[in-house]
2 protein chains.
Amino acid sequence: MDAEFWVYFGTFQWNVPILNSKPESSQVPSSRKPPRPNQRKRPTILDVARRAGVSKSLVSLVIRGDARVSPSNRGAVLEAVAELGYRPNAMARGLVQRRTRMVGVVVSDLSNPFFGDVVSGIQRRARELEYTVLFSTGDRQQDLEVEAIESLLELRVDGLILAGPRIEFETIEGFGRSAPLVVLHRPTADDWSDSVTNDDPKGAQIAVEHCASLGHTRIAHIDGGPGAGAQARREGYEQAMHRLGLERHILVVTGGFTEKPGRRGAQELLSRRPLPTAVFAANDLCALGALNAFEESGLTIPEDISLLGYDNTSVAALRHVSLTSIHQPSVRMGRMAVDRLFERIDKGRTEPRHDVVSPSLVVRDTTGPVPGGGE
Amino acid sequence: MDAEFWVYFGTFQWNVPILNSKPESSQVPSSRKPPRPNQRKRPTILDVARRAGVSKSLVSLVIRGDARVSPSNRGAVLEAVAELGYRPNAMARGLVQRRTRMVGVVVSDLSNPFFGDVVSGIQRRARELEYTVLFSTGDRQQDLEVEAIESLLELRVDGLILAGPRIEFETIEGFGRSAPLVVLHRPTADDWSDSVTNDDPKGAQIAVEHCASLGHTRIAHIDGGPGAGAQARREGYEQAMHRLGLERHILVVTGGFTEKPGRRGAQELLSRRPLPTAVFAANDLCALGALNAFEESGLTIPEDISLLGYDNTSVAALRHVSLTSIHQPSVRMGRMAVDRLFERIDKGRTEPRHDVVSPSLVVRDTTGPVPGGGE
DNA sequence: GTGAAAGCGCTAACAC
DNA sequence: GTGTTAGCGCTTTCAC
């Protein structure tokens, strides 16, 4: 952009703009720290080679930790690297290696605490396998999610993990043809991707059975509306009720995966008679919304109504909330996703694999015995 | 790795492993969808050029949306792109342009809901400026945070945002010399980076004044321990108390930025006599821990004790919690961070800029008039 | 052990 | 309008 010239001086390369020669008095007396923009030309492997008096290939060997380099040369190279502040260019390396050792992770909603553990599991496992993780998000919007995936693919990540994607199945399948792909929290069934999901119907069943074991029969469900997994949880609820011979008590109202619809669902339940004595909500936030509605109407939890959530997020664990919930092993699921990718990338697996992990019950303070001992 | 041979056929290039010739019966009768690993050689700009019968430069022009390409050629190129499923290689492009239009964002703790809004603001503003955002995290660990930053720098992102970094100031300054850098939530003072922070002392002052306006005088503080910003909030509290002539009521106990230390801090407060009538906690989670402790000891909030948090996170907003809190304009701060970067990258600004934004009060249901009307 | 040379996939002059 | 050419910064044969 601006005219510049370059000066080599000692161990540093300085970028001295010709324009813009202001007093520069604001800092130290211009000793070893001349003011300059931080966009100076970055040293390349060639700069290091020249400085160390060797060839670029030799520098490359040292950087990659190759054993067959003489100690003296290794020392010289390392010194030059330090002096110049050399940092290898991952793009150049990736270009020639056709391999980046990067996995891209697209999280549908980074601000949802639900993904915290998943992300943590992914991060840790990737590190063990010496992969770098790049996160991106569609910020809850389908089109942005696609953009995020495209960017990662253009960067040539070695593999892709989609955590709770909001996009269409066909789109997902298309990406699966472009790179090793693992989908989390949404079961895929195609030949092009792996998936790691939790057994939603099973989780719903566990929830219902927990209520039943406490003597409840009028167990209602506030569903997740159009949310992914909502249908499976609803069906699981209905099947479990049938299996327990409680089909005449089946009661499903519309909710959603956030607080507000949960609240509305609960209000709807409050208008029914007889009132249910236990409510299984589609997820924790939904349950929280219901909790408010119930408490505001003067009911006590769990004395009057038992309440369960799903996902066992950090909010459920807050002592002030202490919500009984169905736990998904999120950290493990994150780790598994990375393992699946690794198998495809480094072990050459090509057959799709679809894992379903089991949810479990975490009993806290919002569930208790049925009031009065029965219906 | 494995022996392979390549077959050109129609519009697709197939990668047919010689080994592993299993029944392949699981899918369609091997018509247009032969089973194959998704690691097939990806088409390059040259493949597109050949297919469209033009030169690579022409393809390049079309892809970058240059106007001076004849409609017929443009059509041919676009067709070839679609047929081959061509996706430009961002590494190759970045290498020659020395520009990636990517900004790297390192979040110290992705599972902390506090960062949700910041991330959202960053994402949205970056999109407006046509930058791609790459997130990474150190997962709460200093060394991993450095690794994450290094990786992003090796990828040659055009700029870097560190959200609530846990690493040393000198390290941060070092990175600032490598690339345009904006630090969020931690004030830097060097010449190498910009910073965007919230005015912690001011926030603390607002909290204290709110309590005072409700008649409270015995206002205590549970601090954030060693957490970043904790000291500024503590000092702000003390100054505000002085300014209101309440210095003899200054009471600070050790806490932290999570639930458990908040709980312990509250228990410590409960052992003091006279009890404070209002408590300002270092952040929302800390306040939540205190809330539990208070409620368990039989106190009612806000009738017996008023309670304030800081950060106005999503948990504070939960109706069931409804915690009065000091709000930081997180979304705006995220946007500002991107703007600062943009100024350095695209507008050539080199003087450091340190922005401090004002916090504000969000009154909810955990603060109320002092019991009995005074001390 | 070390160096020379080719080339990864793309853009950016510069011709025509 | 379109093609040719020369790199971007690195790894990778292949000589020596």
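In the text below, chain A, chain B and the rest are named by the order of the sequence lines, each starting its count at 1.
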Rounded interatomic separation in angstrom, taking CZ from B:R42 and P from C:dC10: 10 Å
Please determine whether a side-chain nitrogen or oxygen atom of A:S55 lies at a distance below 4.0 Å from atom OP1 or OP2 of C:dG3. yes
Atom CG of A:L95 to atom C1' of C:dG7: distance rounded to whole Å? 9 Å
Rounded distance in Å - CZ (B:R87) to P (C:dG9): 15 Å
Closest contact, heavy atoms only, B:T137 versus B:V106: CA-CG1, 4.5 Å
Round to the nearest Å and state the distance from A:R68 atom CZ to C:dT2 atom C1'. 10 Å
Without decimals, in angstroms, what is the distance between B:L61 CG and C:dA13 P? 13 Å
How long is the straight-line distance from OG of B:S178 back to CH2 of B:W192, given to the nearest 0.5 Å? 10.0 Å
With rounding to the nearest 0.5 angstrom, report the CG to CG distance, A:D158 to A:L341. 8.5 Å
Relative to the 5' end of DNA chain C, which residue comes earlier, B:R93 or A:L58, by the nucleotide with the nearest heavy atom? A:L58
Atom-to-atom span, CZ of B:R101 to P of C:dT11 - whole angstrom: 14 Å
Of A:A67 and B:S60, the one whose closest nucleotide on DNA chain C sits nearer the 5' end is A:A67
Please check the phosphate of C:dG9 (OP1 and OP2 only) for any side-chain N or O of A:R98 closer than 4.0 Å. yes
Here the gap from A:T132 atom OG1 to B:E147 atom CD, rounded to the nearest 0.5 Å, amounts to 8.0 Å
How would you give the extent of chain B contacts on DNA chain D, as first and last nucleotide 5' to 3' within a 4.0 Å heavy-atom cut-off? D:dG1 to D:dG9
Measure CD/A:E154 against C1'/C:dC10 and give the value in whole Å, please. 12 Å
Just checking B:S57: base, sugar-phosphate only, or nothing, at a heavy-atom cut-off of under 4.0 Å? base
Of B:R353, B:R349, B:R340, the residue whose pairing with B:D194 passes side chain to side chain donor-acceptor pair (under 3.5 Å): B:R349
A:E173 vs A:R177, test: salt bridge (Lys or Arg N to Asp or Glu O under 4.0 Å). Steps then yes/no. CA-CA 7 Å; A:E173 191 177 332; A:R177 287 166 204 249; 3.1 Å; yes
Taking the minimum atom-to-atom distance to the side chain of B:N89, which one of C:dC10, C:dT11, C:dG1 wins? C:dC10
Interatomic distance where NZ belongs to A:K56 and P belongs to C:dA4 [whole Å]: 11 Å
Is B:E154 paired with A:R93 through a side-chain N to carboxylate O contact shorter than 4.0 Å? no
